[in-house]
Amino acid sequence: MKCDIRQLNVRLAQAQPSATYRIMDRVAARRADGAQIISLCAGEPDFDTPAHVRQAGIEAIQNGHTRYTQVAGVRGLREAVAAKFRNENGLDVSWQDTIICNGGKHVIYNALAATLNEGDEVIIPAPYWVSYPEMVELCGGTAKILACTSDDQFKLSPAALNAAINDNTRWLILNSPSNPTGAVYSKDELKALAQVLLARPRVLVLADDIYEHLLFDGQVFNTLAQVEPKLAPRVLTMNGVSKAYAMTGWRIGFATGPRWLLEAMEKLQGQQTSGASAISQQAAIAALTGSQNFILQSRAAFEKRRDLVVAHLNDTPGLECMSPSGAFYAFASCAGLLGRTTPAGTLLETDENVALALLEEANVAVVHGSAFGLAPYLRIAYALDDDSLLKACEAIRQFCLSLK
Ligand code: PLP
């Protein structure tokens, strides 16, 4: 019998490598050849983790927090997380209603893996974070993508949700502020979605609040379980320290939700990672319970950068960009560039053509909208210092002006 030693799990074999990583690989290759590329692809703050949090990590090592912890996380961090959900989100939870995982992404993966069965559908509004559909498919579910256009300000309407929801729907994923559009759901918009969900008792909701603190123009953050407490028994409210405290490398994410779901996730985690890093958990306690000045400072910096980038993009022929309300991404339509030709002779037929030509001919890396489920757009991450952002915006403008 012939056997193929390299045979993979069928679901993994079908999964797509992230388009973001493809662009990053090309950036790395061009840089290795000596090109000066400004990358606007990064999904992480460019700031250092706050000093007191780094210090807490060092002390954690010195004080012997170097062993396995409880699978669902150490009590101190679970208490800090519960206090965060109570104080910032008005959720009535205690530490037993929380779980700590290896990053926000891991929370989502655990939740999907713990609950999805064949035939289950997961509603994902597009544009979406690239990992959602892939995680759903890897966990054996079916991603049901609902396009939300700029006419809807890239947000899911109750009517669209109602039309898409059916007996197979297991989850709805809501991400606010959104990666890649920066769109934010208001309290009223969440209430209207909740009305649809209340009539569908089998549907769970993932509220991905990872960009909660990157919210601009003095807006107040709202999350579904708070806005509609009757839904709370079916909402997994997920968050983490990655974006709020510039701690992407520490890999700490957390959630609150119904205990049966948290217990299932813990069971899975117990056979998988055994829990998050003991050192990072101590640092996360310092982040959540120490000074919150960092959040105010980084929010102010990102808001200023947003204004700078959006103004430049809207001053560039062929690009059009709504001002995002949160996160650190601008999602600009490049419809006005399609059909044009670059100085090197490339015909721009798709947003991916535009992103690649920008990289090759203008030395600026951005990710095309089709990678996030909506074309023709460019996602511009403004997690970079003002000077580099200005240079990148000017290079994009000159590129657009040079098209024939
Ligand atoms: N959710 C969204 C929308 C994100 O953009 C990201 C990271 O880019 C995550 C979740 C995951 O964050 P973490 O680094 O905590 O895994």
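Both ligands and their constituent atoms are indexed starting at 1 by order of listing.
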Test item: side-chain donor near acceptor, T223 and D209, under 3.5 Å: yes
Are V367 and V130 close enough that some pair of their side-chain heavy atoms sits under 4.5 Å apart? no
Can H65 and Q281 be counted as having a side-chain donor-acceptor contact under 3.5 angstrom? no
Ligand 1 atoms in contact with S242 (distance to a heavy atom under 4.0 Å): 13 (P), 14 (O), 15 (O)
Among K243, R251, M247, H106, the residue with a heavy atom nearest to atom 8 (O) of ligand 1 is K243
If we ignore angles and hydrogens, is there a donor and acceptor under 3.5 Å between the side chains of S157 and D152? no
With no hydrogens and no angle check, just 3.5 Å: does a side-chain donor-acceptor pair link Q292 and H213? no
Can you confirm if the aromatic rings of Y329 and F372 lie within a centre distance of less than 6.0 Å? no
Under a 4.0 Å heavy-atom limit, does Y132 contact ligand 1 with its side chain, its backbone, both, or neither? side chain
N175 heavy atoms, cut-off 4.0 Å: which ligand 1 atoms fall inside? 3 (C)
Does any N or O atom in T248 lie less than 3.5 angstrom from one in ligand 1, N or O only? no
Which word best sums up how the rings of F328 and Y211 line up, parallel for under 30°, tilted for 30 to 60°, or perpendicular for over 60°? perpendicular
When distances are taken from atom 12 (O) of ligand 1, the protein heavy atom at minimum range is I210 CD1, 4.0 Å
Atom 2 (C) of ligand 1: of N179, D208, N239, the nearest heavy atom sits on D208
Just jot down the ligand 1 atoms closer than 4.0 angstrom to any heavy atom of G103, in number order. 15 (O), 16 (O)
Would you say the side chains of Q282 and N63 form a donor-acceptor pair under 3.5 Å? no
Going by the atom numbers of ligand 1, which of them fall below 4.0 Å from some non-hydrogen atom of K105? 11 (C), 13 (P), 16 (O)
Please confirm whether G104 comes under 4.0 Å of ligand 1, counting heavy atoms of the residue only. yes
Starting from atom 6 (C) of ligand 1, what is the nearest protein heavy atom, named by residue and atom, and what distance separates them? W129 CZ2, 3.4 Å
